[in-house]
Amino acid sequence: MPSLPPELFDLYSARHIPESHTWASSYLYDHPIAAADFVPTIDISRPDAASLIGAACRCWGMFLATGHRVPAALLGSVESQTRRLFSLPLHRKLRAASHPGSISGYGRPPLSSFFPKLMWSEGFTLAGDPTDIVSNLWPGDHSLFCEVMEEYKREMKDLAGRLMGIMLQSLGLAQEEMGRIGPMRELQRAFEVLQLNSYPACPDPERAMGMAAHTDSGLFTVLHQSAGAAGLQVLREEAEDGDGSGPTRWVAVQPLPEALVVNVGDLFHILSNGRFRSAKHRAVVGPVDHRVSVAYFVGPPGDVKVEPVRALVDPIRGPVYRPVTWPEYLGIRARVFDQALVAVRSPESPKPPPFTESLK
Ligand SMILES: O=C(O)CCC(=O)C(=O)O
Ligand SMILES: [Fe+2]
């Protein structure tokens, strides 16, 4: 990710959007925005949660989780500490600017290099110890931020373990089969990243993009977003079998207080042999609200291969995807971006769908 130039346009005091941040309407409005569709909300502590989660992951690649046991007070602190961090003056935040070759630090959204226009957002990527990133820009005043983020990561790791179990169970896998799946076995060593996103109010939201359409590369993402401030949208794709769910459209994800958004990432898509859909999503901006979000990305450690679970592979057609580690997959994505899942299809698997350009 390139570091930010000092002359960066200050999104927080902007009265207009410059050309550099103005997106083509053919990109912004590539699909209609649904008027009355809702992403499923699932109480994950319910005894029948697995079947509901399985259905949501197949149709939407996303659900809103309640009953997740992450304390509401902690969610509140994560949001207030995130806001406090972003409210620092730009020159202070730039002290944590991310450098080429490192994923951690302050900067534009990690996806920026794939798009010709700039997004109406900025972010902090925290991989590893948050102190390493914020101590320099917040000398003497970073300990509360770091404690909150560390506690949140512990809660997220615990939740990720439970979600992983329920999601695999929903695919019909028995406990002993789960133990043979690399990413499940290596959950304790999982690689985790917190991505803090800030979307300032925008003077011309209809021509700006907070975060461009993408899928997340890991197993799944747990996203905590500002209560009441809408912005996240998920692409609900028309089913190939015409199941009556309607045409492809963007659906606004309702910002329910205390619900966490869970979205399937590319590695789980591979693990499930395509049964679960890696959710394409984006974030739009609004004229008034300053929205923040905190994404927890999780995936297996870099030496663990992810491959379709054997029980989900058709013995005649074989696995749809070939085995891949997360770093290998990220390398492929860096070259082909939204065609990475197509690029890791097994050579003998049926022909992929026709190439679709994401930047129209
Ligand atoms: O802020 C959001 O709602 C989406 C963030 C996101 O998609 C990401 O960080 O990958
Ligand atoms: Fe994302």
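Counting starts at 1 for both ligands and their atoms, in listed order. Throughout, numbering of the chain's residues begins at 1 and tracks the sequence.
Distances from ligand 1 to the non-hydrogen atoms of Gln225 include no value under 4.0 Å.
For ligand 1 and Gln195, the ligand atoms under 4.0 Å from any heavy atom of the residue are 9 (O). When each atom of ligand 1 is checked for a heavy atom of Ser293 under 4.0 Å away, the hits are 1 (O), 2 (C). Taking a cut-off of under 4.0 Å to the non-hydrogen atoms of Leu232, the atoms of ligand 1 that pass are 3 (O), 4 (C).
Under 3.5 Å, the side chains of Ser121 and Asn197 contain no donor-acceptor pair of N or O atoms.
Taking each heavy atom of Val285 and Cys202 in turn, the nearest pair found is CG2-CB, 3.7 Å.
Contacts of Leu223 with ligand 1, taken as heavy-atom pairs under 4.0 Å, involve the side chain alone. Residue-level proximity to ligand 1 for Val261 is absent, since no heavy atom of it falls below 4.0 angstrom.
Looking at atom 3 (O) of ligand 1, its nearest protein heavy atom turns out to be Arg291 NH2, 2.7 Å. Ranking the protein heavy atoms by distance from atom 6 (C) of ligand 1 puts Met211 SD, 3.6 Å first. Summary of contacts: the protein heavy atom closest to atom 5 (C) of ligand 1 is Asn197 ND2, 3.4 Å. Scanning all protein heavy atoms for the shortest distance to atom 2 (C) of ligand 1 gives Tyr199 OH, 3.3 Å.
In this structure, the separation between NE2 on His281 and CH2 on Trp60 is 14.5 Å, given to the nearest 0.5 Å. Taking CE from Met178 and CG from Leu171, the interatomic distance works out to 9.0 Å, rounded to the nearest 0.5 Å.
The distance cut-off of 2.8 Å around the Fe ion (ligand 2) captures these protein N, O or S atoms, sorted by chain and number: His214 NE2, Asp216 OD1, His281 NE2.
Ring orientation note: the planes of Tyr12 and His290 are nearly perpendicular, at an angle over 60° on the 30°/60° scale.
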Under 3.5 Å, sequence neighbours excluded: what are the donor-acceptor pairs made by side chains of residues 133-140?
{"from": "Ser135", "atom 1": "OG", "to": "Thr131", "atom 2": "O", "distance (Å)": "2.8"}

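Ring pair Phe114/His214: centre-to-centre distance not below 6.0 Å. Between Phe115 and Phe337, the ring center distance clears the sub-6.0 Å criterion. With ring centers used as reference points, Phe124 lies under 6.0 Å from Phe86.
Salt-bridge formation is detected for the pair Arg83/Glu79: a Lys NZ or Arg NE/NH1/NH2 atom is positioned less than 4.0 Å from an Asp or Glu carboxylate oxygen. Between Arg15 and Asp204 there is no salt bridge, since none of the side-chain N atoms of the basic residue sits less than 4.0 Å from a carboxylate O of the acidic one.
By the 3.5 Å distance cut-off applied to N or O atoms, His281 is counted among the residues near ligand 1.
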